[in-house]
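Okay, structure first, notes after.
Every chain is numbered from 1, with letters handed out A, B, ... down the list of sequences.
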There are 2 protein chains.
Amino acid sequence: MTVFFSKKCEYGLQAVLFMAAREYDCVCPAEEISKKLIIPREFISKILQSLTESGIIESKKGKAGGFKLAKHPSKIKLIDIVEAIDGLDSFNSCVLGFPHCSPDKPCPVHDQWGALRTKAYEMLSSETIDKFKEKTLNKIKI
Amino acid sequence: MTVFFSKKCEYGLQAVLFMAAREYDCVCPAEEISKKLIIPREFISKILQSLTESGIIESKKGKAGGFKLAKHPSKIKLIDIVEAIDGLDSFNSCVLGFPHCSPDKPCPVHDQWGALRTKAYEMLSSETIDKFKEKTLNKIKI
DNA sequence: ACTTTATCAGATTATAAAGTCTGATTATCT
DNA sequence: AGATAATCAGACTTTATAATCTGATAAAGT
């Protein structure tokens, strides 16, 4: 296996990047997101619903309804989405699964994994998603 | 969620580190490994069985039977265990779940994740497990 | 006001991972 | 040779994640 994010989280990240790559304030129906990203319709709906609860996106009901970012892309970081869906626990636990792993009782890869985890956190938190528009377009046709 | 290794893999890594920290050629019954590492008996048995098939450890049946390393700890790397249990697929796939992620069509975190993945691979493959004896003893009482 | 088109909410199903059980087999000790 | 103590093998159960279905609700256009 060796996953890093859950499927839910991957899909959530993709969907938010998709919305950020479009015109600001443009409302995207779940149906469209489902088709463009090839994610089961009802599954992405549920994920978007939970991101709405977290305040990252907002929903608009009725005809011409859908989802849009709740704030400007320059205010959103990837880590916000990860935190909302998967949580941040894995950034604080031993990669080998040993209990109570700490600097004074380190596991065999404690220091190295610690450094990597910090880098991963930076990867997700140093830039806001408005910077990712171009690269998102590599992956999704809008 | 945000796992890196599956539970199976974590347990497998712990068990092999445990064996490597003991006297060379010492046979460890599954029962003992289960108790020391607090892993369900039948579950660790299955994992050890599969590591036996992979040729990383060997089993000895009958009274005073159990498992021991198939080769000297200086010939075993953590990546061998990861490969045997989880496989190496995740070292070759997009962390955001986009299909066909490549240098010419990179996803928003392609370069950074690539670098991290390389570091993670190095963490698991640069040293052999005979170097980990001391740190393993931090985590497991023998 | 009515129809359409969308989300919303919660129950349900499917699949995969984690963990358990049981009976057979095998080796060692007495 | 027989008893014992272990693995071995495979079926089974449980739990968590992924995905689906259905009916209610709500907003916008006519």
Expressed in angstrom and rounded to an integer, what is the separation of K60(B) atom NZ from dT4(D) atom C1'? 15 Å
CD/E83(A): more than 12 non-hydrogen atoms of other groups inside 6.0 Å: no
Side-chain heavy atoms under 4.5 angstrom apart, residues restricted to Ile, Leu, Val, Met, Phe, Trp, Tyr: same cluster for I85(A) and L88(A)? yes
Heavy-atom check, side chain of D111(B) versus side chain of K135(A), under 4.5 Å: yes
Nearest nucleotide by nearest heavy atom, which residue falls closer to the 5' end of DNA chain D, K8(A) or A64(A)? K8(A)
Salt bridge (charged side-chain N to carboxylate O under 4.0 Å, His left out) assessment of D86(A) paired with K8(A): CA-CA 8 Å; D86(A) 276 349; K8(A) 261 185 194 160; over 6 Å; no
Interface residues of residues 37-46 of chain B with DNA chain D (non-hydrogen, below 4.0 angstrom): R41(B), K46(B)
Mate of dT30(D) across any strand shown (Watson-Crick or G-U wobble, both atom pairs under 3.5 Å) is dA1(C)
Can you tell me the distance, in whole Å, between the CD atom of Q49(B) and the C1' atom of dA6(D)? 13 Å
What integer distance in Å separates I47(B):CD1 from dA9(D):P? 16 Å
Same cluster for L37(B) and L69(B) if Ile/Leu/Val/Met/Phe/Trp/Tyr side chains link at under 4.5 Å? yes
Atom CD1 of I57(B) and atom P of dT7(D) are separated, to the nearest Å, by 11 Å
Rounded off to whole Å, could you give me the NZ-to-C1' distance for the K61(A) and dA26(D) pair? 5 Å
Measure CD1/I85(A) against P/dA16(D) and give the value in whole Å, please. 20 Å
Between CZ of F4(B) and CG of L96(A), what distance do you get to the nearest 0.5 Å? 11.0 Å
For dG19(C) and Y11(B) - does any side-chain N or O of the residue sit under 4.0 Å from the phosphate oxygens OP1/OP2? yes
To the nearest Å, how far apart are E31(A) CD and dT7(C) P? 8 Å
Taking atom NZ of K36(B) as the centre, does the number of heavy atoms from other residues, nucleotides or ligands within less than 6.0 Å exceed 12? yes
I need the NZ-P distance between K7(A) and dT20(D), as an integer number of Å. 13 Å
